[in-house]
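Note sheet for the following structure.
Positions are given from 1 along the sequence.
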Amino acid sequence: MSWYRWDGEDLILACHLQPKASKDEFAGLHGDRLKIRLTAPPVEGKANAHLLAFLAAAFGVPKSQVSLESGELNRQKRVRIRQPRQLPALPGLSPQPGN
């Protein structure tokens, strides 16, 4: 299984989160998931909120178009990005089929 898949015009990401990192960044692959390092601590939803804002900026969409589908209390998360406007340079990420 790949760390991402297209669901119509939406992009679904399988992520492995590393909170309390020294900077916000994509950190390659962690098994079959995209590893993301974030500066936010894993308390009271701060890391989740920070993750959604980080992904919104990276994919060129408003925060309202990024949602956590699973993994709210776990490092393993699944995130939906509705109609991403741009794709960051990530390993193996290809545009939506037909575009």
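- For the pair W3 (side chain) and P91 (backbone), a donor-acceptor distance under 3.5 Å is present.
- Interatomic distance, CD of Q86 versus CZ of F59, reported as 8.5 Å (0.5 Å rounding).
- In terms of modelled atom types and a separation under 3.5 Å, the side chain of Y4 and the main chain of G92 share a donor-acceptor contact.
- For the atom pair CD1 of I36 and NE2 of H50, the computed distance is 10.5 Å after rounding to the nearest 0.5 Å.
- Rounded to the nearest 0.5 angstrom, I81 CD1 and L13 CG are separated by 4.0 Å.
- In this structure the side chain of F54 never reaches within 4.5 angstrom of the side chain of V66, judged on heavy atoms.
- Taking CG of L34 as the reference point, atom CG of L93 lies at 9.0 Å (rounded to 0.5 Å).
- Between the OG1 atom in T39 and the NZ atom in K23 there is a gap of 12.0 Å [rounded to 0.5 Å].
- The closest side-chain heavy-atom distance from Q83 to V61 is not below 4.5 Å.
- Using a 4.5 Å cut-off on side-chain heavy atoms (C-beta onward), S70 and K77 make no contact.
- Looking only at side-chain heavy atoms (C-beta outward), L38 and P19 stay at 4.5 Å or farther from each other.
- Panel note: side chain K35, backbone H16; no donor-acceptor pair is recorded below 3.5 Å.
- Electrostatic pairing of D10 and R80 counts as a salt bridge here, judged by a charged N lying under 4.0 Å from a carboxylate O.
- Two residues are said to be in side-chain contact when any heavy atoms from C-beta on lie closer than 4.5 Å; V79 and C15 meet this criterion.
- Using a 4.5 Å heavy-atom cutoff, the side chains of E69 and I12 are in contact.
- Looking at D24 and R37, no side-chain N of the basic residue comes within less than 4.0 Å of a carboxylate O on the acidic one, giving no salt bridge.
- A 4.5 Å side-chain heavy-atom check between P84 and W6 finds at least one atom pair inside the cut-off.
- No donor-acceptor distance shorter than 3.5 angstrom exists from the side chain of R33 to the backbone of L17, with no hydrogens or angles considered.
- Using a 4.5 Å heavy-atom threshold, the side chains of S67 and R82 count as touching.
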